[in-house]
Amino acid sequence: MRDVTGTTAAARITIGSDGVLQVPDVPIIPYVEGDGTGVDIWPAARAVLDAAAARFGRRVEWLEVLAGEKAFNETGEWLPTETIDAFRDHLIGIKGPLTTPVGGGFRSLNVAIRQLLDLYVCLRPVRWFRGVPSPVRNPEAVNMVIFRENTEDIYAGIEAEAGSPEADRIREMVREVFGRELRADSGIGIKPVSRTGSQRLQRAALNYAVARKRSRVTFVHKGNIMKFTEGAFRNWGYELVREEFADVAVGWDDCGGDAGGRILVSDTIADIALQQVLTRPAEFDVIATMNLNGDYLSDALAAQVGGIGIAPGGNINYVTGHGVFEATHGTAPKYAGQDKVNPSSVLLSGVMMFEHLGWDAAADAITSAMEETIAAGIVTYDFARLMEGATEVRCSEFAQAIIDRL
């Protein structure tokens with residue numbers, strides 16, 4: 001871990017007995033630069049975050065911690081224990097993209113961080129910025145917030161390789177308990193979905209909808225097929241609405257679609273949802289769903305508003321106060337060090353982090369300045385190639401253009 005530099009006024013963020021974050025004027029926030037283009041996008045994003053904080057009399061004391069290739073090269077570990085300890089001790093952190101190999105090697109570092117810190121909510125707001133090129137006719141209709149359960153479902157990582165002793169034991173158990181035969185060459189994954197995991201995710205989504213004055217919460221599931229996992233998720237959600245939120249929310253089945261001023265809670269099948277967020281996006285507001293569905297939905301929605309390069313994300317435990325905000329795209333190593341790629345994903349994740357800290361004025365200033373910059377046609381190459389009359393700028397120059405408009 002690198003030494004913190006700066007004034008002695010810097011302090012850790014804490015959480016009070018009331019569950020509210022206590023944020024000092026100069027919080028210490030750990031960050032992971034990220035692999036690949038992290039060397040470009042993180043400095044650009046940090047410059048904007050620092051400028052916006054300074055405008056409102058605040059400052060962040062950044063603490064570098066290591067993960068991914070940089071960690072492995074310097075320590076021999078992909079995810080050092082002291083990095084997790086720093087995120088745990090300081091409550092809030094931010095990270096660039098990390099390498100995840102396909103088909104072998106270590107399991108996803110992103111998933112590992114979420115599970116080690118029990119960051120059960122993956123929060124993915126999706127909205128269109130004026131001027132951003134989009135493949136759909138009315139991208140301005142997209143304004144949704146996805147609450148994706150982060151710790152269960154297929155992503156729990158309980159798997160047995162085809163032909164392994166573990167797979168053979170599971171096949172035998174399935175034969176004895178369910179009377180079903182699985183092919184001997186099957187790889188097997190286990191899909192846990194609990195009432196506890198489902199309802200704490202749904203509770204977070206409902207609380208968010210209440211706090212942000214959103215009008216609708218939709219549970220997305222495949223419960224027509226997976227009745228005791230995804231179907232249970234749906235049923236537990238409606239139970240939660242009746243038991244804890246009846247004064248502010250109501251389920252569709254209990255009101256026939258007339259919420260009477262309360263938040264309307266409904267559900268839809270996952271495959272239909274993927275169609276309807278494209279054809280009828282205005283009907284969706286806050287979405288609560290499981291891990292795999294949320295992965296599909298968040299990327300599909302990002303495509304409508306400019307792509308994953310502009311999609312922010314945060315991983316949060318609303319009970320313990322922990323949160324790690326992150327770029328949602330890959331590392332794009334072929335562009336690393338070229339000062340070329342769009343820093344918007346990690347920058348907007350920083351905006352989410354500021355909102356989480358209660359620094360709404362700084363967050364709003366960045367959002368407005370970024371929208372003005374894009375609307376003026378000052379963009380990185382990914383947007384410039386899709387926009388007529390755009391001025392293509394480098395990653396660092398895009399950040400400076402935003403700072404100039406703060």
Side-chain angles (χ1 to χ4, degrees), residues 16 18-21 23 52 56 120-130 138-149 199-220 237-268 273 276-277 280-289 294 297-298 301-302 304-305 311-319 321 323 325 348-368 370-371:
D18 56 359
V20 176
L21 290 179
V23 182
F56 295 95
Y120 60 87
V121 169
C122 180
L123 184 64
R124 294 284 297 271
V126 187
R127 54 151 291 188
W128 182 68
F129 286 86
R130 181 168 48 94
N138 300 114
E140 68 279 0
V142 179
N143 186 5
M144 307 176 207
V145 181
I146 299 173
F147 278 74
R148 168 191 173 195
E149 203 289 319
Q199 289 193 334
R200 67 179 183 173
L201 181 280
Q202 293 157 339
R203 184 178 294 111
L206 287 159
N207 281 330
Y208 180 96
V210 172
R212 300 302 178 98
K213 295 181 171 54
R214 310 291 287 220
S215 62
R216 189 164 185 162
V217 174
T218 305
F219 301 140
V220 175
Y238 282 127
E239 288 177 12
L240 182 72
V241 172
R242 298 184 189 104
E243 293 170 1
E244 297 185 19
F245 292 89
D247 58 329
V248 292
V250 61
W252 183 285
D253 291 346
D254 294 328
C255 70
D258 182 5
R262 291 177 287 179
I263 295 167
L264 179 61
V265 182
S266 60
D267 72 278
T268 188
Q276 291 178 338
V277 295
R280 294 169 12 206
E283 295 182 13
F284 292 86
D285 194 350
V286 176
I287 293 173
T289 189
L297 273 168
S298 54
L301 280 167
Q304 295 187 52
V305 296
N315 305 286
I316 302 169
N317 184 316
Y318 286 96
V319 177
F325 298 82
L348 290 173
S349 297
V351 169
M352 289 177 63
M353 182 180 72
F354 276 6
E355 291 172 343
H356 192 67
L357 298 180
W359 292 9
D360 289 341
D364 291 344
I366 295 171
T367 301
S368 296
M370 180 173 159
E371 189 159 27

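Sequential numbering from 1 along the given sequence is applied to the chain's residues.
Atom CG in Asp267 sits 11.0 Å away from atom OG1 in Thr289 (nearest 0.5 Å). Atom-to-atom distance recorded for Ile287:CD1 and Leu301:CG is 6.0 Å, nearest 0.5 angstrom. To the nearest 0.5 Å, atoms CE (Met353) and NE2 (His356) are separated by 10.5 Å. In this structure, CZ on Phe354 lies 11.0 Å from OG1 on Thr367, to the nearest 0.5 angstrom.
No side-chain heavy atom of Val305 sits less than 4.5 Å from a side-chain heavy atom of Met144. Contact of the Gln304 side chain with the Val126 side chain is not registered, since no non-hydrogen atoms from C-beta on lie closer than 4.5 Å. Contact of the Phe284 side chain with the Thr268 side chain is registered, since non-hydrogen atoms from C-beta on lie closer than 4.5 Å. Side chains of Val248 and Phe245 form a contact here, defined as non-hydrogen atoms less than 4.5 Å apart. Inter-residue side-chain proximity for Leu123 and Tyr318 is flagged as met; some heavy-atom pair is nearer than 4.5 Å. With contacts defined as side-chain heavy-atom distances shorter than 4.5 Å, the pair Val121/Leu201 qualifies. Between Ile316 and Phe325, the closest side-chain pair of non-hydrogen atoms falls below 4.5 Å.
Closest heavy-atom contact between Asn143 and Arg214: O-NH2, 3.1 Å. In terms of heavy atoms, Leu264 sits closest to Cys255 at CD1-SG, 3.7 Å. Of all non-hydrogen atoms in Val220 and Ala273, the two that sit nearest each other are CG1-CB, 3.9 Å. Shortest non-hydrogen contact noted between Trp128 and Glu371 is O-OE2, 4.3 Å. Looking at every heavy atom in both residues, Phe56 comes nearest to Ala365 through CE1-CB, 3.9 Å.
A donor-acceptor contact closer than 3.5 angstrom is absent between the side chains of Tyr238 and Asp254.
With hydrogens and angles ignored, the 3.5 Å screen pairs a side-chain donor or acceptor of Arg262 with a backbone N or O of Ala246. Side chain of Arg124 to main chain of Pro312: a donor-acceptor pair is present (N/O by atom type, distance under 3.5 Å, no hydrogens or angles). At distances below 3.5 Å, at least one donor-acceptor pair connects side-chain atoms of Ser349 with backbone N or O atoms of Gly313. Within the 3.5 Å criterion, the main-chain N or O of Gly260 finds a donor-acceptor partner in the side chain of Asp258.
For the pair Arg127 and Phe129, the cation-pi criterion (under 6.0 Å, within 45° of the ring axis) is fulfilled.
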field: Phe147 vs Val217, side chain to side chain contact (heavy atoms under 4.5 Å, CB included): CA-CA, chis, key distance, verdict
entry: CA-CA 10 Å; Phe147 278 74; Val217 174; over 6 Å; no

Only pairs under 3.5 Å count here: list side-chain donor-acceptor contacts from residues 202-213, not counting sequence neighbours, and write none if there are none.
residue: Gln202; atom: OE1; partner: Gly237; partner atom: N; Å: 3.4
residue: Gln202; atom: NE2; partner: Phe233; partner atom: O; Å: 2.8
residue: Arg203; atom: NE; partner: Glu244; partner atom: OE1; Å: 2.9
residue: Arg203; atom: NH2; partner: Glu244; partner atom: OE2; Å: 2.9
residue: Asn207; atom: ND2; partner: Arg203; partner atom: O; Å: 3.3

